Amino acid sequence: MTTSTPTLLPVATGRQTRAHLRRVLRGRAPLLAAVLAALVVDSALALAAPVATGRITQAIADDRAPSALVGPVLLVACAAAAAALTGWAAAVLLARLVLPVTGRLREDAVAAALALPVDVVEAGGTGDLVARVSGDADRVTTAASGALGDFASAALAIAATLVGLAALDWRFALAGLLAVPIQAHTLRWYLRTSRPIYADGRTADGRRASALLSAFTALPTLRALRLGASRRAHVEAASEQAMTYEFRATRAATRFYGRLNVAEFIGLAAILLVAFVLVRSGTADIGAATTAALFFVGLFDPVNTMLGTFDSVQQAGAGLARIVGVATLGPPDDGSTDDGRQDGRPDRTATVPSGPAGAPLAVRGVHHRYRGGPDVLHGIDLDLPAGRHLAVVGATGSGKSTLATLIAGLRPPHTGHVTLGGVATADLAAAAPDGRRRIVLVTQEHHLFRGTLTDNLRLARRSASAEDIASALAAVGAADWVAALPDGADTVVGTGATELTAGQVQQLALARVLLLDPEVVVLDEATAEGGSDAARTLDRAARTVTEGRTAVVVAHRLSQTATADTVLVMDHGRVVEHGDGDELRSSGGVFADLWAAWSSGGGTGRTGSGTV
Ligand SMILES: Nc1ncnc2c1ncn2[C@@H]1O[C@H](COP(=O)(O)OP(=O)(O)OP(=O)(O)O)[C@@H](O)[C@H]1O
């Protein structure tokens with residue numbers, strides 16, 4: 001078991017993040033303009049109360065009749081009613097802008113994550129990926145629907161207030177602006193200090209999630225080998241590191257707000273001083289001075305909101321860069337769609353190098369090793385013409401499954417090439433969704449998603465009709481047991497619903513292959529014991545699925561080699577025999593021995609265990 005720290009997935013640069021955002025916002029400019037217009041009007045209306053208060057103060061100072069209060073009171077009432085309306089409109093429009101955009105961001109992140117090559121996910125750690133498509137995506141969604149709106153309306157309120165101060169007397173605006181250098185300096189200091197803290201903090205969160213997830217998934221092994229304590233220390237170290245960043249972020253925020261209070265004090269003192277001088281000299285009246293002071297006090301909230309929401313906006317920015325970082329691992333996005341529309345959606349098929357159909361498979365000088373480990377494949381070469389079937393045989397750990405995943409393009413070989421018609425199979429596999437259909441791998445791990453049996457099959461082809469599904473089920477020998485289920489193919493299967501046997505799930509995996517209709521099938525499935533009815537059914541199903549296609553079958557049961565055109569025998573990551581199955585059977589070599597032992601045992605057992 002390896003305990004090395006995973007190399008985290010990349011984080012997008014500022015330019016990549018902005019480009020991604022622009023793509024997501026494409027076509028939404030009118031809505032964005034409407035949101036801004038509603039926020040501007042809302043901010044301007046907020047100035048009505050200080051203006052009215054100033055007028056009331058002046059009326060009292062002038063000892064005017066109570067009727068002089070009617071105008072200011074009406075102004076406040078009307079402004080309040082209008083502000084309620086524009087505030088509501090801004091919130092509704094903002095939600096209509098933000099929710100689809102954040103939904104798209106999350107969708108893109110999940111789609112990109114699902115299309116990532118296996119080795120990239122393994123190297124980055126699943127926890128980091130989960131943290132990005134859940135924690136980071138949540139952070140972006142929350143900030144976009146809350147903090148971003150608050151930030152924009154606070155910025156506009158500040159601008160409107162400065163205009164209002166200048167309209168009263170330019171000297172008021174000048175006095176108010178005295179606070180700005182301190183605020184700007186404070187903000188610059190805060191951004192410089194907190195940005196790396198947040199970015200490193202999110203990375204530390206990713207490491208903590210990875211550490212937790214790998215500990216949970218390896219729980220039985222940890223218990224069996226009594227490695228719980230050392231693993232717990234690893235998780236604790238990752239948690240402590242994440243906590244350190246949280247402490248540092250809180251310390252920076254406290255100092256930030258302290259400095260802002262100093263700026264407020266200086267600005268307000270300057271306004272009161274100017275008011276005193278202007279009223280004394282008769283340049284301004286007491287009402288204007290009151291309004292100016294109230295304008296400035298009214299700035300405290302928006303300034304704090306704006307600067308304070310930098311927290312969330314920054315965190316969302318860091319999260320967004322991490323989400324877009326996942327997308328940058330996919331093929332380039334040219335903004336077109338499967339059906340040629342230009343709606344900004346990634347079209348992964350457009351960039352798929354497809355190569356000719358009916359193409360030969362070639363493995364050249366392939367060496368492979370898993371992260372930091374020794375070579376597990378040592379210089380594999382093989383050619384498989386289109387439509388031919390190859391069976392791969394060998395003891396447990398000889399490298400059969402590794403070779404199968406390389407051929408299927410789930411990961412690129414460490415050195416050497418695996419190509420279909422001259423195109424690297426890893427490139428075909430990374431290019432979802434249509435690019436994948438040229439090669440399909442059925443592995444030893446089958447997933448049954450909770451849902452109807454039909455839904456489980458439609459994962460392979462969304463457009464599959466009921467007839468397509470029925471014929472795929474019949475072809476893999478599953479028609480009878482499916483018909484016997486309470487609701488036939490509409491029965492809900494999976495955890496907590498109708499459970500299926502491993503063999504049945506395997507049949508469904510083979511039925512999916514038929515629906516995908518790939519050019520090349522790689523089968524590496526090994527659930528049923530040789531000689532059992534289930535094994536015979538699966539062998540038949542596998543033959544149907546591979547018929548008319550190029551096929552590589554990892555033969556966990558020697559019966560699976562019977563119909564292969566060629567057989568490849570592996571030992572410790574090397575090819576020890578390769579040739580026509582019948583010739584190898586009579587050659588007196590390794591495969592001949594395996595076959596003889598298997599035949600004399602009545603055709604039961606598995607090849608991988610060496611107990612044929
Ligand atoms: N994800 C992985 N990370 C690290 N090492 C791996 C990984 N998968 C396989 N290996 C190692 O690579 C070597 C070849 O394993 P592989 O699974 O390809 O053999 P196999 O012949 O398919 O075995 P089996 O018949 O048991 O499936 C083994 O030493 C195995 O421990």
Side-chain angles (χ1 to χ4, degrees), residues 1-7 116-129 210 213-214 217-218 220-222 224-225 227 363 366-380 382 390-416 418 425-426 429 441-446 502 506 509 521-530 535 538 542 551-561 564 567-578 590-591 594 597-598 604-612:
M1 184 182 48
T2 170
T3 56
S4 62
T5 309
T7 322
L116 284 181
V118 175
D119 59 326
V120 173
V121 179
E122 280 175 357
T126 324
D128 187 32
L129 193 56
S210 273
L213 209 66
S214 60
T217 45
T221 316
L222 293 174
L225 299 178
L227 289 174
V363 177
V366 163
H367 290 256
H368 193 71
R369 68 177 69 147
Y370 292 95
R371 273 190 323 126
D375 273 8
V376 296
L377 292 182
H378 309 271
I380 309 286
L382 83 94
L390 169 78
V392 184
V393 180
T396 295
S398 58
K400 304 183 298 292
S401 297
T402 304
L403 181 62
T405 55
L406 297 185
I407 289 177
L410 250 70
R411 54 179 108 240
H414 194 257
T415 50
V418 181
T425 55
L441 168 73
V442 180
T443 68
Q444 303 179 31
E445 291 168 32
H446 303 300
Q506 214 164 325
V521 187
V522 182
L523 294 185
D524 182 11
E525 30 87 48
T527 316
E529 290 298 325
L538 285 172
V552 176
V553 178
V554 174
H556 294 275
R557 304 179 293 277
L558 273 199
S559 58
Q560 292 170 298
T561 64
V567 173
L568 184 108
V569 184
M570 296 188 69
D571 187 32
H572 292 96
R574 289 193 163 78
V575 175
V576 290
E577 280 179 15
H578 181 201
V590 183
F591 183 61
L594 284 173
W598 180 72
T604 61
R606 300 160 75 121
T607 66
S609 61
T611 58
V612 290

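In listed order, ligands and their atoms are each counted from 1. Being a predicted model, the structure only gives us computed values, none of them experimental. Numbers here simply count residues along the sequence, with the first being 1.
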In terms of atom number and element, which parts of ligand 1 are under 4.0 angstrom from non-hydrogen atoms of [X]?
X	answer
Val376	12 (O), 13 (C)
Ala395	21 (O)
Thr402	14 (C), 15 (O), 16 (P), 18 (O)
Thr396	23 (O), 25 (O), 26 (O)

task = May I ask whether Gly394 places a heavy atom under 4.0 Å from ligand 1?
result =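 So Gly394 does not count as touching ligand 1.
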message = Does the residue Gly373 have a heavy-atom contact with ligand 1, meaning some pair of atoms that are separated by less than 4.0 Å?
response =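 Contact absent.
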Taking all heavy atoms of [X] and all of [Y], pick out the closest pair and write down the distance.
X	Y	result
Val590	Glu577	N-OE2, 2.5 Å
Leu406	Thr425	O-OG1, 3.2 Å
Leu594	Leu558	O-CD1, 3.5 Å
His578	Leu382	CE1-CB, 4.0 Å

inquiry  = Taking side chain to side chain contact (heavy atoms under 4.5 Å, CB included) as the definition, give me every residue that meets it alongside Ala404, ordered by chain and number, with sequence neighbours left out.
reply    =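 Partners of Ala404 under the side chain to side chain contact (heavy atoms under 4.5 Å, CB included) test: Leu441, Val522, Asp524, Val554.
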request  = Please list, chain by chain and in numerical order, all residues satisfying side chain to side chain contact (heavy atoms under 4.5 Å, CB included) with His414, sequence neighbours excluded.
outcome  =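 Counting only residues at least two positions away or on another chain, His414 forms a side chain to side chain contact (heavy atoms under 4.5 Å, CB included) with His368, Arg369.
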message = Using a 3.5 Å cut-off on N or O atoms only, is Arg411 in polar contact with ligand 1?
response =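 In this structure, Arg411 places no N or O atom under 3.5 Å from an N or O of ligand 1.
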